Amino acid sequence: MHTNSNKENKLFKIDDALKEITRGVAEIIDLERIETLLKNYLNTGKNFYIKAGFDPTAPDLHLGHTVVLEKMALLQKYGAIVQFLIGDFTGTIGDPSGRSSTRVKLDDKQVFENAQTYKEQVFKILDPLKTEVVFNSKWLNKLGASGMVELASTFNVARMLERDDFDKRYKSQTPISISEFLYPLLQGYDSVVLKSDIELGGTDQKFNLLMGRTLQRTYNTGKEQAIIMMPLLEGLDGVNKMSKSLNNYIGVTEDANSMFAKVLSISDDLMWKYYELLSTKTVDEIEDLKSKVKSNELHPKSAKEHLAMEIVQKYHDFDKAIKAKEEFDKIHKKRDIPTQIETFEFKAPIWIAKALVNAKLEPSTSQARRDIKQGAVKIDQQKISDEQLSLEKGEYILQVGKRKFAKIKAI
RNA sequence: GGUGAGAUACUCAAGCGGCCAACGAGGGCAGACUGUAAAUCUGCUGGUUUUUACCUUCGGAGGUUCGAAUCCUCCUCUCACCA
């Protein structure tokens with residue numbers, strides 16, 4: 001099936017490979033196994049399987065999610081076949097890690113559509129030729145009551161309660177539903193069925209990941225998967241983990257310009273973590289950059305621009321990355337206005353505060369007034385201070401702060 | 001089931017009859033400085049062109065009062081201790 005026609009891939013040194021594989025990871029369990037897998041691949045060309053599970057709900061991936069994907073993509077270079085597992089069955093239970101509310105079961109059509117969306121986003125990172133997309137409902141539906149009982153009998157409550165969040169909830173007398181106990185078991189069972197050699201996940205998944213290892217042994221699969229845990233990526237604020245709800249994320253489907261701008265807005269310290277977890281540059285190349293910045297040979301901003309370019313290029317293309325950089329320089333270095341601005345039409349005369357609200361630059365006229373008082377509002381690059389100002393017929397470029405623009409036509 | 005505590009703006013958290021659109025902190029937005037970085041300093045942070053005014057807000061519904069986030073009644077929900 002997956003023959004390795006690409007011979008040059010095999011020309012790597014185990015030590016170099018391990019150096020890249022271990023970079024940035026939070027924890028690795030059974031590194032020896034990984035080494036063995038690599039050696040095997042080098043000698044015989046035999047592929048190995050790495051698994052990572054994903055939620056079946058509407059995928060809107062951000063860079064935080066891609067940390068795991070990047071590591072998988074790297075492993076693909078060293079002979080890994082990715083088992084991209086969509087947890088359409090387990091998704092109905094709800095991972096206790098998040099303590100989310102009861103989930104609604106998605107119908108097959110939605111799952112299929114979501115899987116398609118995943119593919120679009122994921123294959124910007126992963127090599128589609130070395131990836132198998134699988135759904136766990138395929139075997140979990142078949143498991144049946146007897147299989148379920150058998151699976152459940154392999155584990156006991158005391159062990160289950162070792163899990164940190166279960167433990168906390170139990171001690172604080174917060175209810176834990178029995179079905180939540182099943183989640184880790186089922187996730188582990190996936191590893192049994194898929195015969196995974198390595199499973200990847202976030203640090204919060206440790207218990208579930210270990211379960212796969214345990215069950216593989218229990219079911220005598222002759223394998224015990226190694227585990228690679230990736231740290232959670234901090235969002236733009238540099239403090240909280242990247243998440244949609246905190247609005248500190250960079251989405252993989254975002255347009256090139258905002259992607260570029262967002263990367264550049266992270267702090268210098270955080271930049272290195274982003275490099276480590278998201279860049280395809282090698283460890284040595286990153287170290288080289290770091291030392292150059294340290295010795296003032298390279299401006300930190302340039303280093304950040306390289307990173308931003310790389311990321312934009314990955315999700316768009318080289319031309320767009322170049323354009324994004326030019327656009328950025330245009331707006332911020334030269335304090336110029338962006339190339340593309342949304343246009344609104346209003347009847348003249350219109351009160352400035354009202355115009356700002358209508359152009360969606362401000363949430364309310366009160367807020368608009370405040371910003372005008374503070375000198376945050378510009379018309380055609382000129383700061384204004386008169387909050388009573390009324391716009392007569394004509395075209396104006398309105399600006400609030402540094403990055404909000406709108407063109408308005410008063411007619 | 002019993003007893004007690006609580007529910008305040010994005011979050012935490014003061015206020016306990018009028019000086020409350022509501023202290024403070026965090027967050028957010030903006031200004032200065034910069035590399036649109038970080039750090040720092042400053043201002044703002046319910047709404048409304050009646051802007052030293054008016055309107056709506058302090059879990060929900062009523063009530064007392066000239067006047068309530070603050071007092072009373074009922075309801076809903078959270079939490080703690082006991083069973």
Side-chain angles (χ1 to χ4, degrees), chain A residues 99 101 168-169 171-175 234-250 254 256-275 289-290 292-294 296-309 311-312 324-339 346-379 381-392 398-406 410:
Chain A
R99 268 217 76 192
S101 49
K168 275 188 197 137
R169 282 164 66 186
K171 280 184 180 149
S172 69
Q173 304 185 20
T174 313
E234 283 93 347
L236 301 177
D237 52 31
V239 181
N240 299 301
K241 69 167 185 172
M242 187 177 279
S243 83
K244 237 176 154 181
S245 51
L246 290 173
N247 197 28
N248 62 355
Y249 70 100
I250 305 178
E254 271 183 60
N257 288 344
S258 76
M259 205 179 255
F260 189 90
K262 279 184 179 178
V263 175
L264 238 60
S265 81
I266 63 172
S267 74
D268 290 357
D269 289 341
L270 191 59
M271 162 170 75
W272 298 115
K273 186 152 189 193
Y274 274 49
Y275 257 118
L289 276 177
K290 242 184 198 171
K292 274 186 181 156
V293 167
K294 212 170 186 181
N296 289 326
E297 215 177 309
L298 184 72
H299 196 290
K301 199 198 167 198
S302 305
K304 213 180 285 175
E305 276 171 350
H306 289 314
L307 178 67
M309 286 284 286
I311 289 172
V312 173
K325 185 183 177 327
E326 283 170 358
E327 182 77 2
F328 185 87
D329 287 345
K330 184 180 174 194
I331 300 169
H332 300 290
K333 214 179 261 177
K334 299 174 195 158
R335 299 270 157 145
D336 209 346
I337 53 175
T339 322
F346 308 119
K347 273 192 182 141
I350 183 163
W351 178 38
I352 178 65
K354 200 85 193 163
L356 289 166
V357 173
N358 289 352
K360 294 178 192 156
L361 295 178
E362 293 282 15
S364 68
T365 54
S366 297
Q367 184 62 46
R369 280 164 170 276
R370 282 183 217 114
D371 282 341
I372 293 168
K373 269 185 206 161
Q374 290 193 102
V377 175
K378 288 180 192 165
I379 297 178
Q381 312 255 59
Q382 293 296 310
K383 253 184 206 175
I384 58 161
S385 53
D386 179 14
E387 56 187 81
Q388 300 298 332
L389 189 72
S390 174
L391 297 178
E392 299 304 325
L398 300 186
Q399 181 183 356
V400 179
K402 281 171 189 150
R403 48 177 109 178
K404 283 181 283 184
F405 295 89

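Chain naming here is simple, since letters A, B, ... match the order of the sequence lines and numbering starts at 1 in each. Keep in mind that the numbers below use all heavy atoms, side chains included, and drop hydrogens, waters and symmetry copies. Since the model is a prediction, treat every value here as computed from it, not as a measurement.
The only member of A/K325, A/E326, A/E327 that meets side chain to side chain contact (heavy atoms under 4.5 Å, CB included) when paired with A/N257 is A/E327.
Side-chain N/O atoms of A/K262 include none lying less than 4.0 angstrom from OP1 or OP2 on B/U36.
With P as the reference atom, B/C58 and B/A7 are 14 Å apart, rounded to whole Å. B/G47 sits 35 Å from B/A38 when the C1' atoms are compared, rounded to a whole Å. The gap from the C1' atom of B/A39 to that of B/C33 amounts to 11 Å, rounded to the nearest Å. One C1' atom belongs to B/U56, the other to B/A22, and the distance between them is 14 Å to the nearest Å. Using atom C1' as the reference point in both B/C10 and B/U65, the two lie 34 Å apart (nearest Å). With C1' as the reference atom, B/U50 and B/G60 are 33 Å apart, rounded to whole Å. One P atom belongs to B/A61, the other to B/U8, and the distance between them is 16 Å to the nearest Å. The C1' atoms of B/A25 and B/G15 are separated by 16 Å, rounded to the nearest whole Å.
The pairing partner recorded for B/U48 is B/A53, the criterion being a Watson-Crick or G-U wobble arrangement whose two distances lie under 3.5 angstrom. The partner of B/U73 is B/A61, judged by Watson-Crick or G-U wobble contacts that both fall below 3.5 Å. Judged by Watson-Crick or G-U wobble contacts below 3.5 Å, the nucleotide B/U34 has no partner. Pairing for B/G43 is with B/C29, a Watson-Crick or G-U wobble pair whose two hydrogen-bonding atom distances lie under 3.5 Å. The pairing partner recorded for B/C79 is B/G4, the criterion being a Watson-Crick or G-U wobble arrangement whose two distances lie under 3.5 angstrom.
Taking atom CG of residue A/L236 and atom C1' of nucleotide B/U36, one finds them 13 Å apart after rounding to whole Å. As rounded to whole Å, 9 Å separates atom P of B/U36 from atom CD of A/E305. Taking atom CG of A/D269 as the reference point, atom P of B/A37 lies 15 Å away to the nearest angstrom. Straight-line distance from the CG atom of A/L389 to the P atom of B/U51: 17 Å, rounded to whole Å.
Considering only side-chain atoms of A/K304, the nucleotide from B/A30, B/U34, B/G35 that sits closest is B/G35.
Comparing A/K402 and A/D237 by the nucleotide of RNA chain B whose heavy atom lies nearest to each, the residue mapping closer to the 5' end is A/D237. Judged by closest nucleotide on RNA chain B, A/F328 is the one of A/R369 and A/F328 placed further toward the 5' end.
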Protein-nucleotides 39-48 of chain B N/O pairs under 3.5 Å:
unit_1: B/G43; atom_1: N2; unit_2: A/Q374; atom_2: OE1; d: 3.2
unit_1: B/G43; atom_1: N2; unit_2: A/Q374; atom_2: NE2; d: 3.3
unit_1: B/G43; atom_1: N3; unit_2: A/Q374; atom_2: OE1; d: 2.8
unit_1: B/G47; atom_1: OP1; unit_2: A/S364; atom_2: OG; d: 2.9
unit_1: B/G47; atom_1: OP2; unit_2: A/R370; atom_2: NH2; d: 2.7
unit_1: B/U48; atom_1: OP1; unit_2: A/T365; atom_2: N; d: 3.3
unit_1: B/U48; atom_1: OP1; unit_2: A/T365; atom_2: OG1; d: 3.4
unit_1: B/U48; atom_1: OP2; unit_2: A/T365; atom_2: N; d: 3.1
unit_1: B/U48; atom_1: OP2; unit_2: A/T365; atom_2: OG1; d: 3.0
unit_1: B/U48; atom_1: OP2; unit_2: A/S366; atom_2: N; d: 2.8
unit_1: B/U48; atom_1: OP2; unit_2: A/S366; atom_2: OG; d: 2.9
unit_1: B/U48; atom_1: O5'; unit_2: A/T365; atom_2: OG1; d: 3.3

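Residue-to-nucleotide contacts include a donor-acceptor pair under 3.5 Å from the side chain of A/D268 to the base of B/G35.
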Donor-acceptor pairs are to be reported for all side-chain atoms of residues 355-368 of chain A against protein atoms at under 3.5 Å, with residues two or more places apart or in another chain.
unit_1: A/S364; atom_1: OG; unit_2: A/Q367; atom_2: N; d: 3.1
unit_1: A/Q367; atom_1: OE1; unit_2: A/R370; atom_2: NH1; d: 2.7

Taking distance alone, no hydrogens or angles, what donor-acceptor pairs closer than 3.5 Å link side-chain atoms of residues 261-269 of chain A to residues at least two apart or in another chain?
unit_1: A/K262; atom_1: NZ; unit_2: A/Y249; atom_2: O; d: 3.1
unit_1: A/K262; atom_1: NZ; unit_2: A/E254; atom_2: OE1; d: 3.1
unit_1: A/K262; atom_1: NZ; unit_2: A/E254; atom_2: OE2; d: 3.0
unit_1: A/S265; atom_1: OG; unit_2: A/K262; atom_2: O; d: 2.9
unit_1: A/S267; atom_1: OG; unit_2: A/L270; atom_2: N; d: 3.3
unit_1: A/D268; atom_1: OD1; unit_2: A/K304; atom_2: NZ; d: 2.9

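Contact record, A/W272 with A/A303: CH2-CB, 4.4 Å, taken as the closest heavy-atom pair. The nearest pair of heavy atoms linking A/K241 to A/N248 is O-ND2, 3.3 Å.
Across all strands shown, A/K383 has heavy atoms under 4.0 Å from sugar-phosphate atoms exclusively, and none from any base. Backbone-only contact: A/I266 has heavy atoms under 4.0 Å from sugar-phosphate atoms and none from a base.
Separating the NZ atom in A/K383 from the CD atom in A/Q399 is a distance of 10.5 Å, to the nearest 0.5 Å.
Relative ring orientation between A/H332 and A/F328 is described as tilted, the plane-to-plane angle lying within the 30° to 60° band.
In the displayed structure, A/K273 atom NZ is contacted under 6.0 Å by more than 12 heavy atoms of other residues, nucleotides or ligands.
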